[in-house]
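Note that the structure is a prediction, hence the values are computed from the model and not measured. Counting begins at 1 with the first residue of the sequence.
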Amino acid sequence: MKERHYGDDGNLSSTIVLLEDFKQQMNVLHENGFFTLTLEEFEKYITSEIPVPEKSVLLTFDDGHKNNYIEAYPVLKKYDFHAVEFLITNRNKDKTVPYNTDTNQYLSHQEIEAASDVFEYASHTNSFHNLDNGTPYLISKSLPEIQEDVETSIELIGDTNALPYPYGAYDEQTMEAMDVAGIDFAFTVQAGYVQPGDDMLQIRRNSVRPYNTIEDFKNVMEIN
């Protein structure tokens, strides 16, 4: 861990999960017989097209950081788990660079391909994971601009129709832009569980934070 991983209060950034904690969390899912869904299975569950096992979970990772391949991928592969990586596509480059925790690094195209037996990929925008004087682009930009950026991301990834809103920020125009661009279901940062018939453009997710204990994790997963 480096100084940049900590806030002014001395606590870890809320977006970081320590590797040892992640290993323990995935072991809990494995030991309790959880089934990891694909995006297609998840979508068909919401639209009531298919049933899924009672103990089902969709594992999602935002931004496409290189450490997800270096650190998380081997753990997921060990348990034959499936996960979704939401890519900020303009940050994915052809050149694969050595792992260096001094900076934020993103998956190279080679690493994306190498991890595709565990991860599937969807959009987290192309270049719109940014702020405009503190306001997220998906709020500040026009509908055509949002549409163009998301469509570019979809083209770079391939066949995908899912996206989490950067910073969890969205409004009615954002959702309209998603629909026009070909995004059928979009994820928020609002906590909660998913049921058939839920609003496809306002899907809830339960986040895992560095301050969550393994008991917190079990409670979220409703493991007694």
Side-chain angles (χ1 to χ4, degrees), residues 15 36-50 52 56-65 68 82-94 104 106-109 111-113 115-116 119-207:
T15 60
T36 52
L37 298 168
T38 66
L39 281 173
E40 182 179 9
E41 291 166 337
F42 181 77
E43 180 181 12
K44 288 184 176 180
Y45 165 70
I46 296 178
T47 56
S48 301
E49 294 179 57
I50 63 168
V52 298
S56 291
V57 61
L58 182 73
L59 298 176
T60 63
F61 296 75
D62 287 5
D63 298 353
H65 287 287
N68 291 347
H82 182 87
V84 182
E85 186 78 57
F86 293 112
L87 301 174
I88 307 169
T89 47
N90 78 331
R91 301 181 188 179
N92 305 125
K93 308 301 181 183
D94 288 332
N104 275 334
Y106 295 89
L107 295 166
S108 69
H109 295 142
E111 289 166 331
I112 289 170
E113 178 62 29
S116 62
F119 287 109
E120 67 174 307
Y121 303 100
S123 174
H124 202 23
T125 74
N126 179 53
S127 61
F128 272 28
H129 196 302
N130 278 298
L131 300 172
D132 185 3
N133 293 320
T135 302
Y137 276 20
L138 290 194
I139 301 294
S140 67
K141 300 297 184 181
S142 68
L143 191 155
E145 289 174 314
I146 297 170
Q147 178 188 346
E148 181 181 6
D149 181 86
V150 172
E151 286 178 344
T152 297
S153 181
I154 292 172
E155 290 171 6
L156 290 169
I157 294 168
D159 185 21
T160 185
N161 62 345
L163 176 147
Y165 300 112
Y167 312 105
Y170 67 99
D171 56 18
E172 291 297 326
Q173 177 182 265
T174 311
M175 290 190 286
E176 183 179 353
M178 295 301 110
D179 185 53
V180 174
I183 296 296
D184 295 325
F185 56 120
F187 296 82
T188 70
V189 294
Q190 299 164 5
Y193 301 94
V194 178
Q195 301 292 335
D198 282 355
D199 187 335
M200 296 280 284
L201 293 178
Q202 300 186 80
I203 298 171
R204 297 181 296 277
R205 290 193 291 175
N206 290 309
S207 301

Heavy-atom side-chain proximity of Phe42 to Val194 below 4.5 angstrom: yes

Just list the side-chain donor-acceptor pairs under 3.5 Å for residues 153-160, sequence neighbours left out, or say none.
unit_1 : atom_1 : unit_2 : atom_2 : d
Ser153 : OG     : Thr89  : OG1    : 3.4
Ser153 : OG     : Ser123 : OG     : 2.9
Ser153 : OG     : Thr125 : O      : 3.4

Per the salt bridge (Lys or Arg N to Asp or Glu O under 4.0 Å) rule, what does the pair list look like for residues 166-177, sequence neighbours excluded? none

Does a sphere of radius 6.0 Å around CD in Glu40 hold more than 12 heavy atoms from other residues, nucleotides or ligands, not counting ones at 6.0 Å or beyond? no

Could you tell me which residues satisfy side-chain hydrogen bond (donor to acceptor under 3.5 Å, both in side chains) with Tyr106, sequence neighbours excluded, listed by chain and number? Arg91

Side chain proximity check, Leu131 to Pro136, heavy atoms < 4.5 angstrom: yes

Who are the side-chain hydrogen bond (donor to acceptor under 3.5 Å, both in side chains) partners of Thr36, not counting sequence neighbours? none

Kindly list each side-chain donor-acceptor pair under 3.5 angstrom involving residues 185-192, sequence neighbours excluded, with atom names and distances?
unit_1 : atom_1 : unit_2 : atom_2 : d
Thr188 : OG1    : Gln190 : N      : 3.1
Thr188 : OG1    : Ile203 : O      : 3.0
Gln190 : NE2    : Tyr170 : OH     : 3.4

Stepwise, does the side chain to side chain contact (heavy atoms under 4.5 Å, CB included) test hold for Asp149 with Lys141? CA-CA 10 Å; Asp149 181 86; Lys141 300 297 184 181; over 6 Å; no

Just wondering, do Arg205 and Pro164 contact through their side chains at under 4.5 Å, heavy atoms? yes

Would you confirm whether Asn126, through its side chain, and Asn90, through its main-chain N or O, come within 3.5 Å as a donor-acceptor pair? yes

Can you tell me how far apart CD (Glu120) and OG1 (Thr38) are? Round to the nearest 0.5 Å. 5.5 Å

Report yes if the side chains of Ile146 and Met178 come closer than 4.5 Å at any heavy-atom pair, otherwise no. yes

Please name all residues satisfying side-chain hydrogen bond (donor to acceptor under 3.5 Å, both in side chains) with Glu151, sequence neighbours left out, ordered by chain then number. Gln147

Taking the side chain as C-beta and beyond, is there a heavy-atom pair between Gln195 and Tyr45 under 4.5 Å? yes

If you compare all heavy atoms of Asn161 against all heavy atoms of Gly182, which two are closest, and at what distance to 0.1 Å? CB-O, 3.5 Å

Verdict with reasoning, Tyr167 to Thr135, per side chain to side chain contact (heavy atoms under 4.5 Å, CB included): CA-CA 10 Å; Tyr167 312 105; Thr135 302; over 6 Å; no

